[in-house]
Amino acid sequence: MEEYRSHAHSVSSCKYHFVWCPKYRYPVLDVVEDDMRELFGETANHFGHSILALEIADDHVHLFVQSDPKHSPADIARQFKSYSGKHLLERYPKIRESYFWGGGFWKVGYYVGTTGAVAEEVVERYIEETEHTPE
């Protein structure tokens with residue numbers, strides 16, 4: 001994992017931990033997990049982000065991503081959620097009919113936290129080692 005990103009006139013280390021859920025927190029992500037990993041990878045490649053860790057539970061997603069400072073956390077969340085949500089609903093019409101008939105795959109809100117160099121390993125370990133089971 002690269003620690004710093006070098007730009008024309010700056011050096012940065014912008015890392016964000018995101019968490020978001022499907023609408024109504026329906027537990028459908030286990031069905032679409034492989035496609036979601038593919039779509040998140042495509043989004044990261046397109047915008048120049050690096051996915052440091054990704055955990056997909058059946059009703060929420062943890063995404064730990066490194067980005068350039070030109071992208072705000074709100075932009076990053078929008079990029080991942082809008083692209084994946086659009087394509088998941090297209091690829092899974094039965095899920096759309098059963099659960100998301102009102103349009104949109106993801107809830108509007110999300111959690112975002114920033115990490116420093118010290119907390120980075122803690123966040124990665126939490127995402128990778130924590131078993132996310134519904135209550």
Side-chain angles (χ1 to χ4, degrees):
M1 170 178 33
E2 75 183 296
E3 184 66 29
Y4 298 100
R5 289 184 169 201
S6 182
H7 312 284
H9 302 284
S10 64
V11 176
S12 69
S13 177
C14 300
K15 297 172 184 167
Y16 304 102
H17 173 208
F18 291 95
V19 181
W20 59 74
C21 308
K23 266 191 177 173
Y24 318 114
R25 202 156 183 150
Y26 284 128
V28 298
L29 298 183
D30 56 337
V31 175
V32 301
E33 181 174 352
D34 292 337
D35 287 309
M36 194 162 42
R37 287 184 186 280
E38 173 192 334
L39 294 167
F40 278 19
E42 291 173 7
T43 302
N45 289 337
H46 181 75
F47 289 101
H49 308 311
S50 298
I51 296 176
L52 305 176
L54 175 61
E55 175 67 31
I56 301 171
D58 60 349
D59 66 347
H60 66 283
V61 174
H62 286 269
L63 174 66
F64 188 37
V65 65
Q66 182 173 11
S67 183
D68 293 333
K70 68 181 178 181
H71 298 286
S72 72
D75 287 341
I76 297 167
R78 180 185 44 77
Q79 292 161 355
F80 280 97
K81 289 173 69 177
S82 65
Y83 184 73
S84 64
K86 176 184 182 283
H87 288 281
L88 288 172
L89 289 176
E90 289 174 357
R91 292 180 185 185
Y92 295 91
K94 290 197 186 284
I95 288 177
R96 180 184 191 138
E97 293 168 10
S98 300
Y99 299 105
F100 303 108
W101 42 265
F105 187 86
W106 300 109
K107 278 186 174 186
V108 174
Y110 58 89
Y111 162 83
V112 62
T114 59
T115 62
V118 175
E120 177 182 330
E121 294 81 11
V122 175
V123 172
E124 285 179 344
R125 187 174 34 227
Y126 168 77
I127 290 174
E128 292 170 357
E129 295 177 4
T130 303
E131 183 175 326
H132 299 282
T133 55
E135 297 177 24

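Worth knowing before you read on, the calculation uses all heavy atoms, side chains too, and leaves out hydrogens, waters and symmetry mates.
- With sequence neighbours excluded, the residues satisfying side chain to side chain contact (heavy atoms under 4.5 Å, CB included) with Y83 are L39, E42, T43, H87.
- With contacts defined as side-chain heavy-atom distances shorter than 4.5 Å, the pair Q79/H71 qualifies.
- Taking 4.5 Å as the limit, some side-chain heavy atom of F105 sits within range of a side-chain heavy atom of L29.
- Taking CG from L63 and NE2 from H17, the interatomic distance works out to 8.0 Å, rounded to the nearest 0.5 Å.
- Sorted by first and then second residue, the salt bridge (Lys or Arg N to Asp or Glu O under 4.0 Å) pairs involving residues 72-83 (not counting sequence neighbours) are D75-R78.
- A heavy-atom distance below 4.5 Å is not found between the side chains of W106 and C21.
- The distance from the CZ atom of R96 to the CZ atom of R91 is 14.5 Å, given to the nearest 0.5 Å.
- Using cut-offs of 30° and 60° on the angle between ring planes, the pair F47 and H49 is parallel.
- Taking CD1 of I51 as the reference point, atom OG of S67 lies at 11.5 Å (rounded to 0.5 Å).
- Under a hydrophobic-cluster definition in which Ile, Leu, Val, Met, Phe, Trp and Tyr are linked whenever side-chain heavy atoms come within less than 4.5 Å, directly or via other members, L52 and F80 are assigned to different clusters.
- Placement of W20 and F64 in two distinct hydrophobic clusters is found when ILVMFWY residues are connected by side-chain heavy-atom separations under 4.5 Å, directly or transitively.
- V19 and V65 fall into different hydrophobic clusters, where Ile, Leu, Val, Met, Phe, Trp and Tyr side chains are chained together by heavy-atom contacts under 4.5 Å.
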> Should F40 and I56 be marked as a side-chain contact (heavy atoms from CB on, under 4.5 Å) after you check the CA-CA gap, both sets of side-chain angles, and the distance that decides it?
Replying inline: CA-CA 11 Å; F40 278 19; I56 301 171; 5.7 Å; no
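- In this structure, the side chains of Y92 and V28 stay at 4.5 Å or more apart for every pair of heavy atoms.
- Remark: Y99 OH is loosely packed, at most 12 non-hydrogen atoms of other residues, nucleotides or ligands lying under 6.0 Å away.
- For CG of D30, the number of neighbouring non-hydrogen atoms (other residues, nucleotides, ligands) closer than 6.0 Å is greater than 12.
- Taking hydrophobic clusters as Ile, Leu, Val, Met, Phe, Trp and Tyr residues chained together by side-chain heavy-atom distances below 4.5 Å, Y24 shares a cluster with V31.
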